[in-house]
Amino acid sequence: MTEKDFQFKAAQQMPETGSATWQSPSNIALVKYWGKKDHQIPANPSLSFTLNSCKTTTSLEFQKKTDRKLSNTFDFEFYFEGKKKEDFKPKIETFFKRIEEFCPYLKNYKLVIKSENSFPHSSGIASSASGMSALALCVMSLEKELNPDISEKYFNKKASFLARLGSGSACRSIEGPLIAWGTHKNIEGSSDLFGIKYPFVMHEVFNNYQDTILLVDKGQKQVSSSVGHNLMYGHPFADARFEQAHTNLDKLQQVFENGDLENFISIVESEALTLHSMMMSSNPYFILMKPNTLEIINKIWEYREASKVPVCFTLDAGANVHVLYPNQYKEEVLEFIKNELIRFCEHEQYLCDEIGKGAKKL
Ligand code: PMV
């Protein structure tokens, strides 16, 4: 599929009013996306677990504009957790401008967007993946009102395509449990334009795989991911890194087939540390990990060595640690987390999540 396939042709009908509500989860990458080209095209393919509990609920109310002259602007209000938020509007306006070509009907409606997160505000959890995917799905619900015949498959693909234009990794939050995004020669149907359901077998050991998110630092990140992505331009190790992501995806295919957790752990932890080493070796360089991030990593390594429980960590672009482990070890790992790790978290806070199936229409 190409961008052209997502162009909006004509509306079969133009309802006066309507609304839609979507609940969309966050996701955690196993193979990281770091580095992008124009229009949110990833420099390398990535693979993620869709999460279940960390999610955004967004509703979109739409009302057809009566004044023709108004149709040249985006006309919307935005509420976050019940309060009108003017400061969030520029981000949404930018998103609407990026998707205008594919969703020209947005300008024909007055929109009211209401959004809330299941996780605490400013927990350092990236809300852009769940937030942008929930909004993209609401936009697609409006499109479906105009064109009721679009298929579920097209609906999800275009939702992922639009979400990507909002925030790259958001395109991996529409479906679950495992989503690949970015063209890879051995992943049939993979595309730079949208995420696809991982087309290979997933061993049962990964069913209900757990992700406990340790909130090490809830503050604002010093360097945003868009700045970080851009620093991959001219990065001395960029080409080798992009190549490595392709290789790691090949290796993971075997792992997902045979449930080899030892190899899973070594690929996933290496990906997390490689992401952060790209940050540390870019120009300018920066560090998003905190001393407590390293304390936790070392504790996980010690515990794994001593207990033989296949628990590992991954990181996103921040200091928080995602602790990943099979469902069958939930009790003992949570015990370990409570006894040994939460003291390294801000206000001892952590979130329990697990692999999920994707967004839901409410
Ligand atoms: O979607 P963005 O632009 O916020 O980038 C996310 C990048 C990482 O979280 C670090 C990796 C990933 O693949 O999710």
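The residues of the chain are indexed from 1 along the displayed sequence. The basis for the numbers below is simple: all heavy atoms, side chains too, and nothing from hydrogens, waters or symmetry mates. Note that ligands are numbered from 1 as they come in the structure, with each ligand's atoms numbered from 1 the same way.
At a 4.0 Å heavy-atom cut-off, ligand 1 touches Ala29 through the side chain alone. Within the 4.0 Å heavy-atom criterion, the part of His229 lying near ligand 1 is the side chain and not the backbone. Contact annotation: for Leu275 versus ligand 1, heavy atoms closer than 4.0 Å belong to the side chain alone.
Among the atoms of Ser167, some N or O lies under 3.5 angstrom from an N or O of ligand 1. Remark: ligand 1 and Ser46 share no N or O pair separated by less than 3.5 Å (distance only, no angle test). When only interatomic distances are considered, the shortest N/O to N/O separation between Tyr33 and ligand 1 falls below 3.5 Å. Checked by distance only, ligand 1 and Trp34 stay at 3.5 Å or farther apart across all their nitrogen or oxygen atoms.
Classification of Arg304 and Glu269 as a salt-bridged pair holds, one side-chain N sitting under 4.0 Å from a carboxylate O.
Considering all non-hydrogen atoms of both residues, Gln7 and Glu101 come closest at NE2-OE2, 3.0 Å. Considering all non-hydrogen atoms of both residues, His322 and Asp211 come closest at ND1-OD2, 2.7 Å. Of all non-hydrogen atoms in Tyr109 and Met14, the two that sit nearest each other are OH-C, 3.6 Å.
Trp181 has its ring centre no less than 6.0 Å from the ring centre of Phe194.
In this structure, Lys114 is positioned above the aromatic face of Tyr79, its NZ or CZ under 6.0 Å from the six-membered ring centre and within 45° of the axis.
Numbered from 1 in the order shown, with element, the atoms of ligand 1 that lie under 4.0 Å from a heavy atom of Ser169 read 1 (O), 2 (P), 6 (C), 14 (O). Proximity to Ala317 (heavy-atom distance under 4.0 Å) selects the following atoms of ligand 1: 10 (C).
Exactly one of Phe161, Phe96, Phe95 qualifies for a ring-ring contact (aromatic ring centres under 6.0 Å, His included) with Phe102. That residue is Phe161.
Considering only non-hydrogen atoms, atom 12 (C) of ligand 1 lies nearest to Arg172 out of Arg172, Gln40, Met279.
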